[in-house]
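In the text below, chain A, chain B and the rest are named by the order of the sequence lines, each starting its count at 1.
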Amino acid sequence: MADVSLKHIKKVYPNTESKKKKKGEPEKKTNLQITEEGVLAVQDFNLEISDREFIVLVGPSGCGKSTTLRMVAGLEDISGGELRIDGKLMNDVEPKDRDIAMVFQNYALYPHMTVRENMEFPLKLRKMPKEEIDRRVKQAAETLGITEYLDRKPKALSGGQRQRVAIGRAIVREPKVLLMDEPLSNLDAKLRNQMRAEILKLRQRINSTFLYVTHDQTEAMTLGDRIVIMRDGVIQQIGTPQEVFDHPANLFVAGFIGVPQMNFFDAELTKQDGKYSVVLDGVSVALSDEKQANLEKNNVQPQAITLGVRPEHIALLGDGSQMLHGTVDVSEMMGSAVHLHVTSQGKDVIIIVQTMDLRGPNHISLTTGQKIAFTFGGNVVHLFDRESGKNLEA
Amino acid sequence: MKKRSSTASKVVTCIFVVLCIFWLIPIFEVLINSFKSNTFVNTEAFALPNSESFVGWANYIKGMTFGNYPFLKAAGFSLLITLASVALILLCCSMSAWYINRSNSRFAKFFYYLCLFSMIVPFQMVMFTLTFTADSLKLNTPFTIPIVYLGFGAGLAIFMFSGFVKSLPLEIEEAAAIDGCGPIRTFFLVVLPMLKPTLISVGILETMWVWNDYLLPYLVLDRTKYMTIPILVQYLKGSYGTVDLGATMAVIMMSIIPIIVLYLFCQKHIIKGVAAGAVKG
């Protein structure tokens, strides 16, 4: 029930350790920028979150996503910038006075309290009337299906049940902003899928603004209204799941979003008779009209580029002249599709082939060592600057 | 291989049984002598009570009335000092250990090492100056001596609490902060209940020490007014300085029974608490 605004948010950890190290010794752990002030964990973070929006911060370990969330929660000091919740400046407000709730990765339930006491705890601290506490706990327990466990201690619950209790403790408060720090990471794959669906349902039922941190891009894509992709403390792209999938801002986003990862090729962008096309291994692929227009608008010159193609956009064909060739390395049967690892021009190329396409009279054998030919359309390729990695169409 | 290991375990069991017997002999000696008359305690210390030497509960009754200082008064002071000291140690040291572990300040680290250092300084080294300091600060009464005990008990207690606090996930305290707790509430409502295993083990260890301690109260307390049971045992003399060993043994038995009972009830917690601190700390 609130909009959140983060303006030029910065987090610097003072350089205590590195002073002792020899000068010039590189920081090996991450690629975070180190300045005189210290290590820049989050830099110039700008995000406007509207009321009831579900925002997912996603990125690899050490990218600053959890630090950002913890700054919103008030568990980390903000080194620079402004954090506003519902228009009020929150930089120096205590966590308890921000009207937020948080769900932690390792549940963080109070082990000496029963499930009911855990859920009542934040309400009792706010001196809420007993009837109101009972009503809210009952309602949250019903929503999350944990009514029968209310009198158990957390140690008597499974991981999934514990996480539900943790979510329950957060939602009974009816907070303005609900923060979730990798809440599903400790669960097994099946339970994670189930809980993901439940979070989606929960989201419909409660009126909070969600800020969710994960390193799992599937979670990000399925849950978020908008996704914020981060790397080394810097935002790489903000957009809806479809936007970041279809129009990745740079090579990092293109590689991070999508499973299996996007294939990258070294290619040439050429322009003949005012029409752009990409040349890869002697094969020329004409670009779609939309891409032509975008490149024209950005006045992109013919140059050496990195070409990105998603595995599901590559088509296997019989042999032909305008084809790329490769040898099947590994074939992974996933049920509805087969993931083919193909060696082409010394690179590993992943191709997704639908199992349906492998049946019937024109089926292609996909055993190891099999020579195959493949191609892709000019409408599905992504063109990146080879130096900066930026999307040339953006 | 299996047979050999089971033989080895039998040998080890035998060795420990023998050791246990050796360990129990002095207590057993005190027990049997507490039922014998003074003469027989002196002449046949190791003999079991017989019809001639057995005096029943007489020594116990005498032990409670013999000498210049009432037994129950000494027991009362012992209880007061023990309860107050242990409560003070548990409260202050658990709080300190929590702060030391959660604060990044150098002072906290320095203070921690100072506490560890206090464990290796023998009491005998400081007892002379302590007597004068305690006197001048009026710490020589049963109501104020717990502060002296806090000082001597803090080293071990902070060491054990620190080990356990390190193993507590920080997220629980962060969750408490978000739920609406300040530092005081976080400590009392969230951290302290989680410290229960260590509270019990430290509590028992400190109780055993304070209850049985002889030297510190002997040096610090104003003995004309206040005695604890260990001091009383030494002062169990008749009007002409006669010592009734039978009664003394009875008083010793009465003083060790509470602590043995306490230990038997709580021994599993001692092992749990010590292990938790040791492994995860």
Side-chain donor/acceptor of A:H112 to backbone N/O of B:L195, under 3.5 Å: no

B:F123 atom CZ, neighbour heavy-atom count above 12 within 6.0 Å: yes

Interatomic distance, A:K124 atom NZ to B:L189 atom CG [nearest 0.5 angstrom]: 10.0 Å

Residues, nucleotides or ligands: over 12 heavy atoms within 6.0 Å of B:I120 CD1: yes

Under 4.5 Å from any heavy atom of chain B - which part of A:L179: neither

Other residues, nucleotides, ligands: >12 heavy atoms within 6.0 Å of A:D134 CG: yes

Portion of A:I100 that has a non-hydrogen atom of chain B nearer than 4.5 angstrom: both

Contact summary for A:L125 and B:C181, nearest pair of heavy atoms: CD1-SG, 3.4 Å

B:Y214 OH: over 12 foreign heavy atoms closer than 6.0 Å: yes

Side-chain donor or acceptor of A:Y110 paired with backbone N/O of B:A176 under 3.5 Å: yes

Side chain proximity check, B:E174 to A:D181, heavy atoms < 4.5 angstrom: no

Region of A:R98 that comes under 4.5 Å of a non-hydrogen atom in chain B: neither

Atom OH of B:Y112 with >12 non-hydrogen neighbours under 6.0 angstrom: yes

Inter-residue atom distance B:I178.CD1 - A:D97.CG, 0.5 Å rounding: 12.0 Å

Closest heavy-atom pair and its distance - B:A175, A:R169: CB-NH2, 3.4 Å

Greater than 12 external heavy atoms within 6.0 Å of A:F54's CZ: yes

Which atom of A:N106 lies closest to which atom of B:P169, heavy atoms considered: ND2-CB, 4.0 Å

Which atoms of B:L170 approach chain A - backbone, side chain, both or neither, heavy atom under 4.5 Å: neither

Minimum heavy-atom distance between B:D179 and A:R173, given as atom pair plus value: OD1-NH1, 3.6 Å

